[in-house]
Amino acid sequence: MSPRVVFPNKVLPYALLLPQLVIVGIFFYWPASQALYQSFLREDPFGLSTQFVGLRNFRNVLSDPNYLNAVENTAIFSVAVAFFAMAIALLLAVMADKIIKGKGFYRTMLIWPYAIAPAIAGMVWLFMFNPAMGTFAFMMRSSGYPWDPLLQGDQAMVLVVAAAAWKQISYNFLFFVAGLQAIPKTLIEAAAIDGAGETKRFWTIVFPLLAPTTFFLLVINTTYAFFDTFGIIHAVTGGGPGKATETLVYKVYHDGFVNLILGDSAAQSVILMVIVIALTAIQFRYVEKKVHYG
């Protein structure tokens with residue numbers, strides 16, 4: 001039995017934790033408390049008068065058809081982004097884990113897109129698929145497909161999903177590669193000797209051992225789709241056309257900073273925070289049961 005570690009200085013652990021606690025308090029708990037307080041108020045756009053209205057802002061938000069449309073858009077967008085970003089990253093990681101010539105260069109090139117800011121990533125995809133000057137848009141129209149994401153809502157959703165998933169693939173790729181490298185090669189070699197094909201080895205050995213990594217990335221990608229994709233949507237579609245790509249986080253921004261409906265915007269931010277916390281709790285409560293940690 002190993003001896004218990006005791007800090008001779010009782011103040012040191014708290015001193016080491018203090019900077020992180022201060023940062024979390026200033027940049028999370030204080031803004032969250034301000035949003036919660038403001039969600040019960042009705043303010044004019046100039047901040048000259050304030051009135052306590054209780055839960056009226058929440059009732060207005062939940063009865064707004066545009067907000068319900070944003071909920072639907074967010075559900076479609078987040079599921080699509082998480083699925084494609086993780087599936088493509090896993091495929092690329094499996095390919096990179098093989099013994100191929102130049103795999104170090106291959107891995108490095110796949111990591112680079114993660115360094116691009118979300119707004120820049122959105123602009124790159126907008127330039128490629130812009131109906132007026134985009135190269136791929138020209139190719140699609142030349143082949144007879146009427147591509148115009150500036151007017152077609154479903155095409156705009158496809159474009160922002162592709163841009164957001166492409167941005168996140170590199171992050172997922174790093175973790176999947178690390179998870180693949182941690183799997184003992186002897187298990188795979190033993191299965192190959194027993195006659196298991198490459199596909200069967202992946203689904204019966206490799207993928208189950210990647211369950212902890214996959215679960216972690218599922219939580220991270222869900223949070224990413226809800227919050228960190230604001231820059232992509234703002235740069236590519238601005239929530240349009242006709243609010244077809246307006247997600248919950250973008251509606252919070254639009255109502256609060258553009259329309260200056262501060263009370264409703266604060267209520268939306270509180271609802272969004274509750275939704276994300278609930279989804280994360282559900283993932284840990286039900287999905288994690290299927291995860292085996294070796």
Could you tell me whether a side-chain N or O of [X] sits under 3.5 Å from a main-chain N or O of [Y], the two making a donor and an acceptor?
X      : Y      : result
Tyr224 : Ala165 : no
Thr74  : Leu248 : yes
Arg141 : Pro131 : yes
Thr223 : Val219 : yes
Gln155 : Asp148 : yes
Asn172 : Leu90  : no
Lys167 : Tyr114 : yes
Thr280 : Val276 : yes
Asp64  : Asn66  : yes
Asn57  : Leu41  : yes

Shared ILVMFWY cluster between [X] and [Y], side chains joined below 4.5 angstrom?
X      : Y      : result
Leu68  : Val61  : no
Phe52  : Leu36  : yes
Tyr29  : Tyr14  : no
Ile76  : Ile233 : no
Tyr253 : Met123 : yes

Taking [atom1] in [X] as the centre, count heavy atoms belonging to other residues, nucleotides or ligands within less than 6.0 Å. Is the count above 12?
X      : atom1 : answer
Phe216 : CZ    : yes
Phe227 : CZ    : yes
Phe27  : CZ    : no
Phe230 : CZ    : yes
Gln34  : CD    : yes

Could you tell me how the ring of Trp125 sits relative to the ring of Phe129: parallel (under 30°), tilted (30 to 60°) or perpendicular (over 60°)? parallel
Aromatic rings Phe284 and Phe215: how do their planes relate, parallel, tilted or perpendicular, breaks at 30° and 60°? perpendicular
Could you pull out the closest heavy-atom pair between [X] and [Y], with the gap in Å?
X      : Y      : answer
Ala244 : Gly153 : CB-CA, 3.5 Å
Thr213 : Gly179 : OG1-CA, 4.2 Å
Lys243 : Asn69  : O-ND2, 3.0 Å
Leu126 : Val236 : CD1-O, 3.9 Å
Ala93  : Val177 : CB-CG2, 3.8 Å
Ala266 : Ala35  : CB-O, 3.5 Å

Kindly indicate whether the side chain of [X], heavy atoms from C-beta on, has any atom under 4.5 Å from the side chain of [Y].
X      : Y      : answer
Asn73  : Thr245 : no
Leu150 : Thr237 : no
Ile116 : Val124 : no
Leu187 : Leu209 : yes
Ile220 : Gln168 : yes

Could Lys251 and Tyr67 be counted as a cation-pi pair, given that NZ or CZ must be under 6.0 Å from the ring centre and within 45° of the axis? no
Any side-chain donor near an acceptor of the partner, Asp255 and Gln268, under 3.5 Å: yes
Pairing donors with acceptors under 3.5 angstrom, does anything connect the side chains of Gln51 and Glu43? no
State yes or no: are the ring centers of Phe173 and Phe176 separated by less than 6.0 Å? no
Per the side-chain contact (heavy atoms from CB on, under 4.5 Å) rule, which among Val81, Ile275, Asn221, Val249 passes with Phe226? Ile275
